[in-house]
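Below: the structure, in structure tokens.
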Amino acid sequence: MQRDYLSQKVRGLHPSIIRQFFDIAATMKDIISLGIGEPDFTTPEPIINAGMQALRQGQTHYTSNLGVTKLREAICAHLFKLYGVSYQPDQIIITVGGSEALYLAATALLENGDEVIIPTPCFVSYQPEVALAGGVPVEVPTCMEEGFNLDIPAIEKAVTPRTKAVLVNSPNNPTGAVASRECMLELARIAEEHDLIVISDEIYDRLVYGVEHVCFSALPGMQKRTILVGGFSKDYAMTGWRLGYIAAPQELIKGMILIHQYTIMTAPTMSQVAGITAILDCEEHVEAMRKEYDSRRRLIVDGLNAIGLPTVEPHGAFYAFPKVSTTGLDESTFATRLLNEKKVAVVPGIAFGKAGEGFVRCSYATAADQIEEALHRIDQFVKSL
Ligand code: PLP
């Protein structure tokens, strides 16, 4: 009998439902996709030029493991300007997207059996990242009735002697919820009382609509407890450049940089150079994209509610999360039938944890005319049930 070479940890993982679903959608014609979790915009021109110029100037070598100093300085200045939180460049690691940042955080923190509290629905990678690092993901649901806000009493109840961290994401993928300052202060209190680290995934920080983004490490006493995950993929439409960062206390950086050094070495050099331009010169572009998302957000939320799919107003990121169980279908049947019968791709909420049951995720990082057509088809589909 052939030996099973794959580790137990890996055998315990399952392919992302999003991937499975989009592999099917990719084989079909005339699909409108509300499924993709990335900006439809091409990266702003000045960023592209900066990347190309870097290549032409021969910046094709490794950088320091921490990343290009000028980029780390720019990130520090940026975080201070926006949120009043003060980091030094040696407290920043430039990573291969927010994805690597999350991997570094989980791997550096967790012993086998350590628990990480994860409010759900959440980004599909959280539970696998924690499990790969030997940890145990502990899902704490949020609910539509409460606007998908963090359930602070439930988080506190989930704390055990094995809890090491809380992994929080605001603005949230997939619900679009943005945690209020009051809520984050309560989370800070829990972190302090139970001596926890907060991994704060803030990669959608600039995409908020009419509410403030609260930077967790800027809260009183929280900088020493926070691993701040930031990125360029969403705010600057740079998914393919693979650029993100971690901001954290020195002791944690010292551990995470070792993992980064021995697995990745450095984030892509030309992307790092382009990232400097993104931060220093592209505020107008960020604001223009944010405004466009905002108008699409209104279109999709009003449209879904008018169709009879209850949708709470998302205040951040670029996702709407309508309840579809009101149609009598579960989320996977709804998404599969909508794809087959009307050629509209959405993501079944179960992909984001058990709390996503009964919902689907619709991305509005899609052109307005496409959203209108998708709404029309969803309306026809719901009427046909
Ligand atoms: N965190 C969240 C909440 C996300 O939605 C994503 C991507 O969808 C990521 C992190 C990872 O993004 P990237 O690795 O492109 O920076």
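Note that ligands are numbered from 1 as they come in the structure, with each ligand's atoms numbered from 1 the same way.
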Are Ile117 and Leu185 linked, directly or through intermediate hydrophobic residues, by side-chain heavy-atom contacts shorter than 4.5 Å (ILVMFWY only)?
yes

Out of all atoms in ligand 1, which are within 4.0 Å of some heavy atom of Tyr204? Include the element for each.
3 (C), 4 (C), 5 (O), 8 (O)

Tell me whether ligand 1 is touched by Gly97 - counting only heavy atoms on the residue side and a distance under 4.0 Å.
yes

Give me the residue, atom name and distance of the protein heavy atom closest to atom 6 (C) of ligand 1.
Phe123 CZ, 3.4 Å

Donor on one side chain, acceptor on other, Glu100 and Thr95, under 3.5 Å
no

Atom CZ of Arg56 and atom CD of Gln53: how far apart are they, to the nearest 0.5 Å?
9.5 Å

Polar-atom distance check: Asn173 versus ligand 1, any N or O pair below 3.5 Å?
yes

CD1 on Ile276 to OG1 on Thr69, rounded to 0.5 Å:
9.0 Å

Is there a heavy atom of Phe232 sitting under 4.0 angstrom from any atom of ligand 1?
no

With a 3.5 Å cut-off and no angle check, do the side chains of Asp201 and Tyr126 form a donor-acceptor pair?
yes

Of the protein's non-hydrogen atoms, which lies at the shortest distance from atom 8 (O) of ligand 1, and what is that distance?
Lys234 NZ, 2.6 Å

Is the closest heavy atom of Asn169 to ligand 1 under 4.0 Å?
yes

So, Thr63 versus Gln272: side-chain donor-acceptor pair below 3.5 Å or not?
yes

At what distance, to the nearest 0.5 angstrom, does OG1 of Thr266 lie from NE2 of His260?
6.0 Å

Between Ser99 and ligand 1, which residue portion shows a heavy-atom distance shorter than 4.0 Å: side chain, backbone, both, or neither?
both

Hey, is Glu38 one of the residues with a heavy atom under 4.0 angstrom from ligand 1?
no

Which of these, Glu292, Gln370, Met289, Arg296, sits in a side-chain contact (heavy atoms from CB on, under 4.5 Å) with Asp40?
Arg296

Verify whether one side chain among Thr160 and Glu115 offers a donor that lies under 3.5 Å from an acceptor in the other.
yes

Flag for Tyr83-Asp205: side-chain donor and acceptor within less than 3.5 Å
yes

Against ligand 1, does Arg242 come closer than 4.0 Å with any heavy atom?
yes

Give a yes/no on ligand 1: does Phe352 have at least one heavy atom closer than 4.0 angstrom to it?
no

Protein contact to atom 16 (O) of ligand 1 [nearest heavy atom, distance to 0.1 Å]
Gly98 N, 2.6 Å

Which residue and atom name correspond to the protein heavy atom nearest atom 12 (O) of ligand 1, and how close is it?
Ile203 CD1, 3.4 Å

Nearest non-hydrogen protein atom, atom 1 (N) of ligand 1:
Asp201 OD2, 2.6 Å

So which heavy atom in the protein is nearest atom 15 (O) of ligand 1, and how far is it from that ligand atom?
Ser233 OG, 2.7 Å

With heavy atoms under 4.0 Å as the rule, classify the contact between Tyr126 and ligand 1 as side chain, backbone, both or neither.
side chain

Do any N/O atoms on Tyr319 end up under 3.5 angstrom from N/O atoms on ligand 1?
no

How long is the straight-line distance from CD1 of Ile47 back to CE of Met238, given to the nearest 0.5 Å?
5.0 Å

